[in-house]
Amino acid sequence: MIPIIDLLEQRVSSVLSELTGNPAPAVVRPSNNPKFGDYQANGVMGQAKKAKQNPRQLAEQVIAKLDVSEMCEPPQIAGPGFINFRLRPEWLSRQVSQAITDSQRLGIDPLADPPVTVVDFSSPNLAKEMHVGHLRSTIIGDVIARVLEFWYDAPEKIIRQNHVGDWGTQFGMLIAYIKRTHPEAIDDPTAFQIADLESFYQQAKKLFDDDATFKQEAYHETVALHNNEQATLKAWKYVVAESRTHCQKVYDQLNVRLNKDNERGESSYNDRLPDVIKDLHNAGMLVESDGAQCVFMDQYKNKDGDVLPLIVQKSDGAFLYATTDLAAVRYRTGDLKAQRIIYVTDARQKLHFDMVFSCARKAGWASEDITLEHVPFGSVQGDDGKPFKTRSGGTVKLKDLLDEAVLRAGDIVNEKNANLDDATKAKIAAAVGVGAVKYADLSNNLVSDYVFDWNKMLAMEGNTAPYMQYAYARVQSIFRKGDIDVDALVHSGHLVNLTEPEELTLGKLLLRYSEVIENVARDLRPHLLTTYLFDLAQAFSSFYANCPVLKAEGPTRTSRLLIAHLTAKTIHHGLSLLGIATIDQM
RNA sequence: GCGCCCGUAGCUCAACUGGAUAGAGUAUCGGUCUUCGAAACCGAAUGUUACAGGUUCGAAUCCUGUCGGGCGUACCA
């Protein structure tokens with residue numbers, strides 16, 4: 001099924017192009033005011049101006065030639081040259097009926113010939129535990145990957161890459177610390193477990209800062225690591241494996257699809273780094289400055305107005321994250337054959353990625369037909385407007401944050417629905433708690449910072465996960481109470497008939513799902529999806545309050561059951577793209 | 001200093017990237033449960049879109065300037 005907006009766009013722009021003799025977009029948009037109908041074409045005014053015509057007259061000519069009679073009431077011309085379309089209830093009813101029969105894709109066509117796409121996200125530093133700073137990249141990246149997987153309808157074309165920090169001085173430091181405190185672990189890693197990776201790291205860091213001898217040991221281990229010395233490598237593998245286990249728990253609890261197969265850490269590019277330098281040198285792009293190897297590109301200036309370097313090798317010979325990122329670009333375009341690479345990192349790294357992209361282009365590692373995108377996002381703040389910290393000022397572990405969310409959700413479930421059994425309550429608490437955290441994050445415009453607020457995200461009123469989950473649970477409750485066989489209903493061949501205002505509003509919204517998915521996929525902005533789902537849940541609540549389902553009779557009852565069913569499916573589907581669970585009762 | 005992002009209702013945010021009278025939620029006030037889950041619904045009130053110019057049929061959106069905030073700006077990632 002073609003989205004309604006695209007259908008109208010095609011029809012109107014073809015007539016408009018014919019009339020003007022030039023390709024002319026119709027610029028169809030959903031109307032922002034019901035009195036102007038459901039959709040409006042805004043393109044006539046621009047075209048009239050180009051052709052030095054009267055816009056209203058051009059609009060007259062357009063609707064004289066335009067045939068949309070099967071789907072719309074006769075189009076109306078308004079204002080300076082808008083064309084307004086009101087969809088016919090019969091046509092809407094048929095479209096909704098048709099969407100219901102497509103249980104897999106809800107009537108949404110996949111993108112033709114999608115590009116091989118790498119999504120680089122989460123990418124925590126494995127030397128420490130995941131903290132609140134990793135929340136946004138992890139869940140936003142996961143949503144982007146899920147949305148594209150669905151839109152492409154070709155999961156193999158989405159390659160998730162977890163570019164973890166698993167290399168460098170911090171690991172030398174941890175290895176040196178293990179050798180000091182648990183020498184037996186070097187020979188037998190099972191002899192020792194890191195109970196708390198974060199405090200283990202903090203202890204090592206303290207020693208590193210305070211004890212010059214230890215610092216030397218740490219540097220020694222770092223060099224040994226980079227030289228692939230067996231004993232050090234063994235310890236390194238142990239630390240990384242331990243840390244990965246911590247991460248995996250967080251990913252699982254977050255319902256984020258990442259595992260070891262998606263991991264391609266900094267260490268994996270180690271062998272490729274010298275080639276980056278060599279090839280930049282061969283391309284004549286490498287310049288030594290203050291002992292460091294740099295790439296200078298005119299468009300980037302530093303604070304003195306001089307050209308800003310992209311440093312790819314330090315004066316002591318060590319490589320930097322720019323080097324690794326360049327190697328990663330080469331790996332992704334060369335080995336993975338990526339045609340589109342998406343980086344989900346916070347906005348502060350924008351300059352870095354701009355420079356890396358420019359450098360990769362200039363070096364010929366990413367041709368112009370390969371899309372390189374940085375998806376920047378703002379930070380999570382405490383209610384003081386500063387980066388979110390614990391009361392004592394420490395970093396908030398992601399694990400603790402999620403546990404608290406589940407605990408708080410559990411309290412609410414106990415209060416609202418005490419008679420459920422414990423297992424059900426636990427399931428609800430997990431879905432609601434984690435869903436609330438994710439939804440609160442995803443519902444913000446990416447670029448803005450937001451304040452982390454437990455009460456707001458767990459509130460059952462407003463644009464929150466619990467509100468959406470509640471709307472879903474109410475539909476399920478209808479089907480439970482009415483003892484409805486959903487499969488039989490869907491395959492019965494009965495049709496939807498939208499007549500009441502609430503039914504029409506809901507029906508139109510349901511049919512806009514494909515349009516929204518396209519927008520989210522194109523612009524990589526998850527909050528467009530949360531906004532839509534909230535509108536949908538509100539429209540359903542209104543329908544629910546005004547249009548009795550089980551008490552209705554005959555075709556009306558069937559029709560309303562079908563509408564309720566498609567609403568639940570859409571909410572479930574949308575939330576699943578957000579990585580948020582639905583529950584049948586709450 | 002320069003660069004990037006931002007400034008919208010008391011508060012938190014939208015506004016499909018130039019469209020019509022700038023919309024939601026929240027808080028506030030009022031109404032709706034013997035009717036499918038009231039964790040809900042319906043209604044009321046809320047604005048010099050930071051400010052000043054400009055571009056045009058039309059600007060929160062684009063351009064210029066000013067003020068205010070966040071971030072970045074050579075060997076951390």
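Residue numbers begin at 1 in each chain, while the letters A, B, ... track the order of the sequences. These figures come from a predicted structure and were not determined experimentally.
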Which is true for A:Lys481 with a 4.0 Å heavy-atom rule: it touches a base, it touches only sugar-phosphate, or it touches nothing? sugar-phosphate
Residue whose closest nucleotide on RNA chain B lies nearer the 5' end, A:Gln170 versus A:Arg29: A:Arg29
Which part of the nucleic acid does A:Ala471 contact within heavy-atom distance under 4.0 Å: base, sugar-phosphate only, or nothing? nothing
Could you tell me whether the phosphate oxygens of B:rA14, OP1 or OP2, come under 4.0 Å of any side-chain nitrogen or oxygen in A:Ser448? yes
What would the secondary structure line of RNA chain B be in dot-bracket form, counting Watson-Crick and G-U wobble pairs under 3.5 Å, with [ ] for pairs that cross earlier ones and | for pairs with another strand? (((((((..((((.....[...)))).(((((.......))))).....(((((..]....))))))))))))....
A:Phe36 aromatic ring stacked with six-membered ring of B:rA20, 5.5 Å and 30°: yes
What residues form a side chain to side chain donor-acceptor pair (under 3.5 Å) with A:Lys206, not counting sequence neighbours? A:Asp210
Remember a base hit wins even if backbone is also touched, and classify A:Tyr544 as base, sugar-phosphate or nothing at under 4.0 Å, heavy atoms. base
Salt-bridge present (A:Asp535, A:Arg512; N to O < 4.0 Å): no
Taking donor-acceptor contacts at under 3.5 Å, does the side chain of A:Ser289 reach the base of B:rA74? yes
Taking side chain to side chain donor-acceptor pair (under 3.5 Å) as the definition, give me every residue that meets it alongside A:Asp421, ordered by chain and number, with sequence neighbours left out. A:Thr424
For A:Tyr450, all residues meeting side chain to side chain donor-acceptor pair (under 3.5 Å), sequence neighbours excluded: A:Asp441
Checking all strands, does A:Asp449 fall into the base, sugar-phosphate, or nothing category for heavy-atom contacts under 4.0 angstrom? sugar-phosphate
Tell me what A:Pro30 touches on the nucleic acid: a base, only sugar-phosphate, or nothing, going by heavy atoms under 4.0 Å. base
Hey, does the side chain of A:His527 come within less than 4.0 Å of B:rA15's phosphate (OP1/OP2), counting only N and O? yes
Side-chain donor/acceptor pairs under 3.5 Å, residues 162-169 of chain A, sequence neighbours excluded:
from, atom 1, to, atom 2, distance (Å)
A:Asn162, OD1, A:Ser123, N, 2.8
A:Asn162, ND2, A:Tyr251, OH, 3.0
A:Asp166, OD1, A:Glu266, N, 3.1
A:Asp166, OD1, A:Ser267, N, 2.7
A:Asp166, OD1, A:Ser267, OG, 3.4
A:Asp166, OD2, A:Ser267, OG, 2.7
A:Trp167, NE1, A:His226, NE2, 3.1
A:Trp167, NE1, A:Asn270, OD1, 3.4

Tell me whether A:Arg348 is salt-bridged to A:Asp346, with the criterion being a basic N under 4.0 Å from an acidic carboxylate O. yes
Is the phosphate of B:rA40, meaning OP1 or OP2, less than 4.0 Å from a side-chain N or O of A:Gln538? no
When you measure from every atom of RNA chain B, which of residues 45-57 of chain A have a heavy atom less than 4.0 Å away? A:Met45, A:Lys49
Chi class for B:rC51: syn within 90° of 0, otherwise anti: anti
Select base, sugar-phosphate, or nothing to describe what A:Asn32 touches, counting heavy atoms under 4.0 Å on all strands. sugar-phosphate
Spacing between A:Arg480 atom CZ and B:rC36 atom P, to the nearest angstrom: 14 Å
Please give the distance between the P atoms of B:rC13 and B:rG3 as a whole number of Å. 27 Å
With heavy atoms under 4.0 Å as the rule, sort A:Ala292 into base, sugar-phosphate or nothing. base
Indicate, with a heavy-atom threshold strictly under 4.0 Å, whether A:Ser477 touches base, sugar-phosphate, or nothing. base
Summary of salt bridge (Lys or Arg N to Asp or Glu O under 4.0 Å) pairs that have at least one residue in residues 38-55 of chain A, sequence neighbours excluded: A:Asp38-A:Lys508
Is there a side-chain polar atom (N or O) of A:Ser542 under 4.0 Å from OP1 or OP2 of B:rC42? yes
B:rA77 base / A:Tyr321 side chain donor-acceptor hit below 3.5 Å: yes
Residue met sooner reading RNA chain B from 5', once A:Thr531 and A:Ile83 are mapped to nucleotides: A:Thr531
Sequence neighbours excluded, which residues qualify as side-chain contact (heavy atoms from CB on, under 4.5 Å) partners of A:Ser315? none
Has the side chain of A:Asn84 got a donor or acceptor that lies under 3.5 Å from a partner of the other kind on the base of B:rA20? yes
ring-ring contact (aromatic ring centres under 6.0 Å, His included) partners of residues 28-50 of chain A, not counting sequence neighbours, each pair once: none
Is A:Pro309 touching bases, backbone alone, or none of the nucleic acid, heavy atoms closer than 4.0 Å? base
Would you please name every residue forming a ring-ring contact (aromatic ring centres under 6.0 Å, His included) with A:Phe388, sequence neighbours left out? A:Phe452
Stretch residues 513-526 of chain A: residues that reach within less than 4.0 Å of RNA chain B through a heavy atom: A:Asn519, A:Arg522, A:Arg525
Any side-chain donor-acceptor pair under 3.5 Å between A:Glu198 and A:Gln202? yes
Quick one: do the A:Glu500 and A:Asn546 side chains pair a donor with an acceptor below 3.5 Å? no
Counterpart residues, side chain to side chain donor-acceptor pair (under 3.5 Å), relative to A:Arg86 (two or more places apart): none
Regarding A:Glu461, tell me which of base, sugar-phosphate or nothing describes its non-hydrogen contacts under 4.0 Å with the strands shown. sugar-phosphate
